[in-house]
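The block underneath contains the structure these notes are about, expressed in structure tokens.
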Amino acid sequence: MNRADAPVADVRDAPDREVEETIEDDGDMAAQARFALETLAELDGGNGVSLPRLAKRTGLRVSVLLRLYTLMSDARVGDAQGPGWVGLRVDEDGRWIARITPAGRGDEGMDS
């Protein structure tokens, strides 16, 4: 049987990891961000939490968490400054570590 004679597989029926991850990434980003921030607040005891540990707990990929937490950090994306809810760093072993800031916990004073 040559390639032209092979049956065409429906991608929706394939148990392909990439398809599942794409569907996950296309979900509600605001809900994912809220869940990621809540999980970080729950696990962060002051020293931060590794992104692989957060990925295991949330079911989100590390790359998705890195994107979400970067947007929640104080990083500047284009002309917009992030809210500063999350701090990101790389530890001495090369692991990404996220920590929730006082602003992320809602502990910051109201300076209006």
Side-chain angles (χ1 to χ4, degrees):
M1 177 186 313
N2 64 30
R3 192 173 208 164
D5 296 331
V8 177
D10 189 341
V11 175
R12 292 171 295 188
D13 295 333
D16 187 299
R17 183 175 169 88
E18 289 181 40
V19 172
E20 292 172 5
E21 289 172 352
T22 301
I23 292 167
E24 174 186 280
D25 288 348
D26 289 341
D28 183 6
M29 189 170 166
Q32 288 179 344
R34 192 171 27 259
F35 181 56
L37 188 63
E38 289 169 357
T39 304
L40 178 58
E42 175 187 330
L43 296 178
D44 188 359
N47 295 325
V49 184
S50 72
L51 291 189
R53 181 174 178 210
L54 287 160
K56 187 172 184 176
R57 180 55 94 68
T58 62
L60 297 171
R61 294 184 335 197
V62 169
S63 62
V64 172
L65 290 171
L66 186 57
R67 181 176 61 232
L68 292 171
Y69 289 144
T70 298
L71 292 173
M72 289 187 256
S73 74
D74 61 358
R76 183 173 284 292
V77 178
D79 292 335
Q81 178 88 27
W85 297 337
V86 175
L88 288 168
R89 66 179 172 84
V90 178
D91 72 6
E92 59 277 352
D93 295 325
R95 287 181 303 235
W96 280 98
I97 304 293
R99 65 173 179 74
I100 193 156
T101 65
R105 289 195 186 277
D107 296 340
E108 220 170 58
M110 303 289 282
D111 296 340
S112 297

Name of the residue among Leu71, Leu66, Leu65 meeting side-chain contact (heavy atoms from CB on, under 4.5 Å) with Tyr69:
Leu65

Do the side chains of Arg61 and Val64 get nearer than 4.5 Å, heavy atoms only?
yes

Write down the atom of Ala98, the atom of Leu40, and the distance for their closest heavy-atom approach.
O-CD1, 3.6 Å

With heavy-atom distances below 4.5 Å as the criterion, would you say the side chains of Val90 and Ile97 are in contact?
no

Same apolar cluster (I L V M F W Y, side chains within < 4.5 Å links), Val62/Met72
yes

Sub-3.5 Å donor-acceptor pair from the side chain of Arg76 to the main-chain atoms of Asp79, do we have one?
yes

Examine distances only and state if a side-chain atom of Asp74 and a backbone atom of Gly82 form a donor-acceptor pair shorter than 3.5 Å.
no

Quick check against the 3.5 Å criterion: does Thr101 have a side-chain atom that pairs as donor or acceptor with the backbone of Gly84?
yes

State, yes or no, whether a side-chain contact exists between Arg89 and Arg99 at a heavy-atom distance under 4.5 Å.
no

To the nearest 0.5 Å, atom CZ of Arg34 lies from atom OG1 of Thr39 at 12.0 Å

So if you build clusters from Ile, Leu, Val, Met, Phe, Trp, Tyr with side-chain heavy-atom gaps below 4.5 Å, do Leu88 and Phe35 land together?
no

Start with the C-alpha gap between Leu68 and Gln32, add the side-chain angles, then the distance that decides, and say whether side-chain contact (heavy atoms from CB on, under 4.5 Å) holds.
CA-CA 8 Å; Leu68 292 171; Gln32 288 179 344; 4.0 Å; yes

Taking Asp91 for its side chain and Asp93 for its backbone only, find out whether a donor-acceptor pair lies under 3.5 Å.
yes

Can you measure from CD1 (Ile100) to CD (Glu38) and round to the nearest 0.5 angstrom?
9.5 Å

Sub-4.5 Å side-chain heavy-atom contact between Trp85 and Leu37:
yes

